[in-house]
Amino acid sequence: MTSQLHHSPGATRPDGRPSPGARLLGPAIARAAARAAAPGGLRFTERQLYYATCRVLSPGSALLRRLPRTPAPPLRLTAFTRALDARGRHTVEGLLPPVPPGTGGVYPVHDGDGKGDGDGHGTSEPDVYAYGLPRLLVCQDPSIARMLLANHVHLEAACPVLTAVDALPLAPRLTAALERAGGATVHVLHDASPSGLVLPARIRAALGPVPGVRVSSMGLVPRHVAALRLPSGRGPVPGPVLGTGLPPGLLPAEARWLARGRFAEVAAVPPARLVRTVLRVTRGSRPPRASLRSDLRGLRDTGFLTWPSA
């Protein structure tokens with residue numbers, strides 16, 4: 001997603017030498033990397049490191065965490081990138097390499113013989129999808145999917161992790177495995193943005209009339225962003241089709257927030273909290289289908305009350 005993430009002077013002088021601002025950012029990046037890796041040496045993406053650096057540079061924000069708001073990042077993304085280049089990515093322990101452009105980067109599902117491409121993508125076991133698949137996680141952001149895999153979330157949750165690029169269109173064998181499990185859930189992890197909020201509906205449409213398979217948004221939604229005080233960016237103002245496909249449980253204030261071009265990324269959630277929440281939601285029991293309070297059921301399907309209580 002193209003973002004307008006604010007406000008810092010450039011990290012290099014015209015002659016290419018690091019500016020004083022870049023030298024100051026070096027220690028902040030080091031502290032942010034240590035925080036992002038805690039506890040237990042978590043792996044993290046460059047974008048997650050950026051937001052962790054923003055938290056280091058805004059220590060006072062923790063004192064106001066009970067006041068819901070969506071502040072702008074205190075550091076311009078380009079300044080962070082230049083400072084990271086000047087420091088050297090290879091010096092940051094735990095930082096994952098970037099996902100190649102135009103690819104999902106993780107485990108696409110193959111029809112055919114089920115074999116991968118020889119580089120850890122796909123599976124070499126042709127009968128993996130011959131069994132029931134009770135849960136599946138689809139991530140909008142390929143780098144977040146790779147981060148979850150690098151931290152073995154798919155093993156702890158017994159839940160395959162795909163990206164939207166890899167999962168859409170859904171492979172027939174994958175759809176059959178979900179149906180075979182009986183009561184399977186496809187969890188969707190997405191940004192608080194128009195494109196992210198319509199992703200569950202896109203996956204639901206791609207599934208078609210598959211009995212017993214539920215598509216559930218894990219979030220983010222704008223209320224999560226405010227409750228967690230996540231930094232938000234500002235992009236182009238969406239067109240009049242903004243409401244098409246948006247979940248019905250969104251509050252009017254959330255729709256207005258999106259209509260102003262605001263968005264927040266899953267990468268802004270601290271890595272440990274992200275891993276903890278994904279494990280809790282994917283391993284949790286499936287909520288009942290029937291409910292006397294249909295509004296609450298609709299809010300649950302949009303991820304309501306998922307993140308703030310994590």
So, the side chain of Arg55 versus the backbone of Ala268: is there a donor-acceptor pair under 3.5 Å, distance only?
-> yes
Could you tell me whether the side chain of Val186 reaches within less than 4.5 Å of the side chain of Leu170, counting heavy atoms only?
-> no
Taking all non-hydrogen atoms of both residues into account, name the closest pair between Leu57 and Ala28 and its distance.
-> CD2-CB, 3.9 Å
Taking Arg202 for the side chain and Ser195 for the main chain, is one N or O donor matched with an acceptor at less than 3.5 Å?
-> no
Please answer: with hydrophobic residues joined when any side-chain heavy atoms are less than 4.5 Å apart, are Leu137 and Leu149 in the same cluster?
-> yes
Residue set satisfying side-chain hydrogen bond (donor to acceptor under 3.5 Å, both in side chains) with Asp141, at least two apart, ordered chain then number -> Ser143
Nearest-0.5 Å distance, CD of residue Glu265 to CD of residue Gln48 | 10.5 Å
Closest heavy-atom pair and its distance - Pro73, Cys54 | CB-SG, 4.0 Å
Between atom CZ of Arg76 and atom CZ of Arg82, what is the distance when rounded to the nearest 0.5 Å?
-> 9.0 Å
Can you find a heavy atom in the side chain of Leu197 that is under 4.5 Å from one in the side chain of Pro222?
-> yes
Applying side-chain contact (heavy atoms from CB on, under 4.5 Å), run through Arg273 and Leu228 and close with a yes or a no.
-> CA-CA 11 Å; Arg273 186 165 200 161; Leu228 296 174; 3.3 Å; yes
Closest approach of Asn151 to Glu156 (non-hydrogen atoms, all atoms of both residues) = O-OE2, 4.2 Å
Sequence-distant partners of Thr81, side-chain contact (heavy atoms from CB on, under 4.5 Å), two or more places apart = Glu46, Leu77, Asp85, Arg89
Any donor-acceptor pair under 3.5 Å linking the side chain of Gln140 with the backbone of Asp191?
-> yes
Where Met147 and Pro271 come nearest, the two heavy atoms and their spacing = CE-CB, 3.7 Å
Assess whether side-chain contact (heavy atoms from CB on, under 4.5 Å) is satisfied between Val161 and Val278, documenting all intermediate values.
-> CA-CA 11 Å; Val161 177; Val278 170; over 6 Å; no
Go through the steps to decide whether Val266 and His190 satisfy the test side-chain contact (heavy atoms from CB on, under 4.5 Å), and finish with yes or no.
-> CA-CA 7 Å; Val266 169; His190 56 80; 5.7 Å; no
Distance (rounded to the nearest 0.5 Å) between Arg173 CZ and Leu133 CG = 12.0 Å
Do you know the tightest heavy-atom contact between Arg47 and Ala267?
-> CG-CB, 3.7 Å
Any side-chain heavy-atom pair of Leu84 and Thr53 under 4.5 Å | no
Donor-acceptor under 3.5 Å (Arg204 side chain, Val215 main chain) = yes
Going by heavy atoms in the side chains, are Val269 and His224 under 4.5 Å from each other?
-> no
Separation between CG (Leu199) and OG (Ser217), nearest 0.5 Å, reads 8.5 Å
Measure the spacing between CD1 of Ile144 and OG1 of Thr163 and express it to the nearest 0.5 Å.
-> 12.5 Å
Taking all non-hydrogen atoms of both residues, which atom of Leu136 and which atom of Pro160 are closest, and how far apart?
-> CD1-O, 3.6 Å
Side-chain heavy atoms under 4.5 angstrom apart, residues restricted to Ile, Leu, Val, Met, Phe, Trp, Tyr: same cluster for Tyr50 and Val56?
-> no
Partners meeting side-chain contact (heavy atoms from CB on, under 4.5 Å) with Ala33 (sequence neighbours left out) = Phe44, Leu49, Val92
Can you find a pair of side-chain heavy atoms, one from Val138 and one from Ile203, that are under 4.5 Å apart?
-> yes
Taking the side chain as every heavy atom from C-beta outward, state whether Leu174 and Leu162 have any pair of such atoms under 4.5 Å apart.
-> yes
Quick one: do the Arg135 and Thr282 side chains pair a donor with an acceptor below 3.5 Å?
-> no
At what distance, to the nearest 0.5 angstrom, does CG of Leu250 lie from CH2 of Trp257?
-> 10.5 Å
What's the verdict on side-chain contact (heavy atoms from CB on, under 4.5 Å) for Ile29 and Phe80, showing C-alpha distance, side-chain angles and the deciding distance?
-> CA-CA 9 Å; Ile29 290 175; Phe80 164 80; 4.0 Å; yes
